[in-house]
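First comes the structure, then the notes that go with it.
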Amino acid sequence: MYLVARQGALLRFSQHRRVPRGELDRHFRSYDKSITTLVPSYAEEPAVVRKTLWSVALQEFTNLHVVLLVDDDPYPEDPEVLAKLEKTRGLALEIQQSLEHPLRMAHDSRVLFERQREAGASPAQILATTIAAYEAAAVWLEEMATAEKIDDHVDEFFVDSVIMGLARELRLTLLALNAAAAQNDSPHSDRLEEFHLRLERIFSVRMHTFERKKYANLSQAVNKAMNLNAYISLMGQKWLVDNRGDVEVLRAVSPTQETTDMDQVLDIPDSEYLLTLDADSLLLRDYCLRLVYFLESEENSRVAVTQTPYSSFRGAPTRIERLAGATTDIQHILHQGKTLYDATFWVGANAVIRKQALVDICQTTTVGGYEIHTYIQDRTVIEDTESSIDLGTHGWTLSNYPERLSYSATPPDFGSLVVQRRRWANGGLLILPKFGRQIGERKRRNERIRLREVLLRVNYMASIAWASLGLIFLLAYPYDGRLLSPLIFVAALPYFIAMGSDLRDCGHRFSDVFRIYGFNLILLPVNMAGVLKSTEQAFTGEKIPFVRTPKVRNRTASPGFYVAIPYLIVFFSIFTLWRDFQDRNWGNVAFAALNTVLALYAIRAYIGFKNSIVDMALGLVNWLFVPPKKAKDATVSYPVATPENTDWSTLLYQGDRRLDRDLRGTDDRRKRIGVK
């Protein structure tokens with residue numbers, strides 16, 4: 001499947017032709033459609049979110065609306081947590097205000113250009129106005145880049161590729177305009193107008209922050225999918241913030257309804273397109289422009305989701321981050337190949353989505369008396385994979401754009417990598433039956449279903465399960481030459497050679513193919529834990545909470561179990577080597593020696609001997625430690641309910657909540673409203 005997807009990627013890369021800049025300017029000259037960017041954020045560092053928001057705010061798009069979906073507890077008691085939350089809340093306004101100056105300069109330049117053109121000014125004068133506008137915009141971006149603080153490789157990428165990348169592109173246009181002026185020539189006035197409109201597109205953006213957990217009638221499920229769903233369900237409508245006792249709810253405002261307090265009204269505009277972007281991802285300057293142009297081509301009218309699967313940031317300081325980035329870059333290639341065979345999967349870090357497609361797959365349920373709309377399924381923690389299947393069932397397709405236009409962070413240590421890869425390994429098996437139903441539905445519509453599409457999709461969803469089980473078998477079963485032929489290893493050579501070549505093309509080393517093998521050895525318990533969790537979920541039907549990948553500068557401790565198993569693999573490989581050496585089973589000796597060396601190298605390079613000892617010791621202590629039960633404080637007393645201290649509005653709205661004592665915050669609310 002690797003070789004099939006790789007071949008498809010090579011074909012697509014060879015056939016791809018980059019859309020010329022002039023064609024993009026022509027298409028978006030009088031463009032009136034809009035795109036809403038949703039950036040879900042939970043417990044993220046404000047500095048990380050800030051870079052993501054800036055990379056979106058500088059996207060060249062006319063009607064661009066950026067919404068930061070903060071999913072933290074809106075009323076934290078910890079002062080440090082509250083300070084961090086307030087800083088995150090202020091990012092949207094801070095960026096909006098920073099862009100007012102360059103936007104005003106671009107707008108004034110266009111107004112001057114229009115006046116000059118109407119007054120019949122010479123082409124040289126009009127061209128000079130355009131040159132001055134581009135010079136001012138480039139200087140503003142360069143000054144911003146100079147003022148940025150660079151602490152790590154992500155900051156360096158943000159400055160060099162996001163801010164300065166845009167500045168260099170403006171400088172390139174400036175070079176062409178100066179050359180035209182030096183040759184006593186000038187582009188047509190309509191073309192110059194497109195240049196001015198482009199500057200306004202770059203610096204014009206509407207930015208807001210939204211917190212769904214403030215409102216009781218929105219889903220409170222702890223996962224990224226429902227954070228997105230909550231906001232999507234509100235789009236295209238005005239909502240009145242209705243205070244009902246100790247909670248707030250959103251009530252739809254009818255077109256004829258008059259509201260006196262506009263501060264209590266949320267006007268959430270609709271959009272033809274959505275861009276979902278993780279809070280640790282960065283987009284290059286023309287991501288929205290090129291992908292929306294792609295969606296609006298006639299042959300792509302049924303494409304629901306398009307994206308450029310994210311790549312890794314270069315220059316990572318740790319070995320494990322560099323290697324995790326190498327596997328990410330390889331996946332970018334494979335996802336491009338899947339598109340050739342109609343086997344595209346939505347990879348959730350970034351994607352441009354046709355909103356109508358999400359409306360088609362929407363499901364509505366009632367929770368606690370409120371209607372909850374689900375566009376992106378949250379049954380598994382790989383919600384983008386399940387939604388890909390849902391879209392295909394409803395006749396939509398997906399496509400990967402064959403350029404590298406988006407980048408995302410990779411875990412910097414083994415502890416955070418465990419969180420990420422355990423989440424990735426969970427859910428694929430649960431989605432497989434839904435894919436079977438999709439095939440049946442497409443057959444009823446007489447759609448063509450190619451075998452390679454089926455194989456690639458099944459491999460994507462289930463390969464972690466069977467690859468992990470197969471690796472356990474290879475490590476544990478005492479086979480000999482009668483069972484395992486040397487031709488098996490020869491048959492695997494094209495795979496390893498192709499992967500090594502792809503790694504080198506992506507800027508990594510050919511020898512990283514061996515490091516990835518050792519990397520997969522120590523990730524074996526993580527992958528198996530995800531597979532077992534999927535099996536458990538299939539029987540219980542429970543949803544798995546979305547666990548955020550930690551993004552901290554300090555090391556994240558790994559669960560002791562996931563650190564101990566790689567050592568067991570090393571010890572068992574050494575035992576296998578000794579046993580097969582005694583039996584003169586030289587093929588197995590070589591295989592066991594390879595596993596020993598690469599697993600030991602992976603432990604040293606990606607976990608660290610000292611860190612692994614600390615993590616295993618902590619895991620043992622946490623397993624043995626039983627926290628003492630808190631003694632009931634007999635002196636605690638609740639205020640006596642009287643007409644003067646009773647919150648009557650909460651009582652009228654909530655009614656009898658004695659059955660809800662297990663809900664978080666119920667007791668605190670009872671104290672606050674004066675009820676025993």
Side-chain angles (χ1 to χ4, degrees), residues 21 24-37 39 49-68 90-115 129-148 158-177 191-209 269 271 273 275 277 282-293 352 405:
R21 178 75 243 183
L24 294 175
D25 290 339
R26 181 200 61 78
H27 182 81
F28 290 98
R29 177 176 180 175
S30 56
Y31 194 77
D32 60 352
K33 296 180 182 179
S34 62
I35 186 169
T36 297
T37 301
V39 182
V49 181
R50 176 183 172 274
K51 289 190 282 286
T52 299
L53 292 178
W54 264 113
S55 76
V56 181
L58 292 174
Q59 289 294 306
E60 183 181 336
F61 210 87
T62 306
N63 299 313
L64 177 61
H65 185 204
V66 180
V67 185
L68 176 62
L91 289 174
L93 180 60
E94 172 192 320
I95 295 173
Q96 181 89 62
Q97 293 175 342
S98 299
L99 287 170
E100 288 178 356
H101 176 62
L103 177 60
R104 186 167 57 252
M105 289 193 303
H107 176 73
D108 293 345
S109 296
R110 185 176 66 83
V111 171
L112 177 60
F113 163 79
E114 293 290 353
R115 290 174 179 171
T129 299
T130 308
I131 290 174
Y134 270 73
E135 179 68 32
V139 168
W140 186 87
L141 288 167
E142 289 161 354
E143 290 176 349
M144 176 187 173
T146 303
E148 284 293 312
F158 173 67
V159 170
D160 182 66
S161 298
V162 176
I163 304 176
M164 288 303 298
L166 178 56
R168 285 192 295 269
E169 187 163 326
L170 296 183
R171 288 285 180 189
L172 185 63
T173 302
L174 195 57
L175 175 63
L177 295 176
R191 186 74 176 106
L192 292 177
E193 183 182 20
E194 291 176 355
F195 291 146
H196 284 279
L197 292 172
R198 179 186 176 194
L199 285 183
E200 287 194 80
R201 286 199 301 265
I202 291 173
F203 298 116
S204 63
V205 62
R206 293 172 296 163
M207 304 194 71
H208 298 91
T209 300
S271 289
Y273 300 103
L275 166 60
L277 181 66
L282 298 179
L283 303 179
L284 297 189
R285 53 198 171 276
D286 49 357
Y287 184 91
C288 290
L289 203 68
R290 293 190 178 277
L291 269 62
V292 170
Y293 181 88
V352 175
L405 298 176

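Treat the numbers as computed from the prediction; the structure is a model and nothing was measured. The first residue in the sequence is number 1, and the count goes up from there. When reading the values below, keep in mind they use all heavy atoms of this one structure, side chains included, and skip hydrogens, waters and symmetry mates.
Using bins of under 30°, 30° to 60° and over 60° for the plane-to-plane angle, the ring pair Tyr293/His27 lands in the perpendicular bin.
The two residues His196 and Ala133 come nearest to each other via the heavy atoms CE1-CB, 4.1 Å. Closest heavy-atom contact between Ala106 and Leu199: CB-CB, 3.9 Å. Heavy-atom minimum distance, Thr209 versus Ala92: OG1-CB, 3.7 Å. Pairing each heavy atom of Ser55 with each of Leu282, the nearest pair is OG-CA, 3.7 Å.
In this structure the side chain of Tyr287 reaches within 4.5 angstrom of the side chain of Val352, judged on heavy atoms. A heavy-atom distance below 4.5 Å is found between the side chains of Ile131 and Leu174. Residues Trp54 and Val162 are not in side-chain contact: their nearest non-hydrogen atoms beyond the backbone lie 4.5 Å or more apart. When side chains are defined from C-beta on, Leu177 counts as touching Leu192, because their heavy atoms get closer than 4.5 Å. In this structure the side chain of Leu99 reaches within 4.5 angstrom of the side chain of Trp140, judged on heavy atoms. With contacts defined as side-chain heavy-atom distances shorter than 4.5 Å, the pair Leu58/Arg285 does not qualify. A 4.5 Å side-chain heavy-atom check between Ser98 and Met144 finds every atom pair outside the cut-off. At least one side-chain heavy atom of His65 sits less than 4.5 Å from a side-chain heavy atom of His208.
Note that CG of Leu53 is 6.0 Å distant from CG of Leu91, once rounded to the nearest 0.5 Å. If you take OG on Ser30 and CD on Glu194, they are separated by 9.5 Å, rounding to the nearest 0.5 Å. Annotation: the span from Thr52 atom OG1 to Phe158 atom CZ amounts to 9.0 Å, rounded to 0.5 Å. Between the CZ atom of Arg104 and the CZ atom of Phe203 there is a distance of 12.5 Å, given to the nearest 0.5 Å. Rounding to the nearest 0.5 angstrom, the gap separating the CZ atom in Arg168 from the CD1 atom in Ile163 is 11.0 Å. Atom OG1 of Thr62 is separated from atom CG of Leu197 by 8.0 Å, given to the nearest 0.5 angstrom.
Judged by distance alone, with hydrogens and angles left aside, the side-chain atoms of Asn63 form a donor-acceptor pair with the main-chain N or O of Asp32 at under 3.5 Å. A distance-only check finds no donor-acceptor pair linking the side chain of Arg50 to the backbone of Ile95 [under 3.5 Å]. A donor-acceptor contact shorter than 3.5 Å is absent between the side chain of Gln59 and the backbone of Leu289.
Leu283 pairs with exactly one of Leu291, Leu405, Leu275 by the side-chain contact (heavy atoms from CB on, under 4.5 Å) rule, that one being Leu275.
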Stepwise side chain to side chain contact (heavy atoms under 4.5 Å, CB included) test for Ser161 and Leu284 = CA-CA 7 Å; Ser161 298; Leu284 297 189; 4.1 Å; yes
Run the numbers on Val56 and Met207 for side chain to side chain contact (heavy atoms under 4.5 Å, CB included), then give the verdict.
-> CA-CA 10 Å; Val56 181; Met207 304 194 71; over 6 Å; no
Could you walk me through whether Lys51 and Glu148 pass the salt bridge (charged side-chain N to carboxylate O under 4.0 Å, His left out) check?
-> CA-CA 10 Å; Lys51 289 190 282 286; Glu148 284 293 312; over 6 Å; no
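Legend: residues meeting ring-ring contact (aromatic ring centres under 6.0 Å, His included) with His107, ordered by chain and number and at least two apart, are absent.
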Which pairs would a plain distance check flag for residues 108-115, meaning a side-chain donor or acceptor within less than 3.5 Å of a matching protein atom at least two apart in sequence or in another chain?
| residue | atom | partner | partner atom | Å |
| --- | --- | --- | --- | --- |
| Ser109 | OG | Met105 | O | 2.9 |
| Arg110 | NE | Glu200 | OE2 | 2.1 |
| Glu114 | OE1 | Arg117 | NH2 | 3.1 |

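Sorted by first then second residue, the salt bridge (charged side-chain N to carboxylate O under 4.0 Å, His left out) pairs that include residues 56-65, not counting sequence neighbours, are Arg21-Glu60, Glu60-Arg198, Glu60-Arg201.
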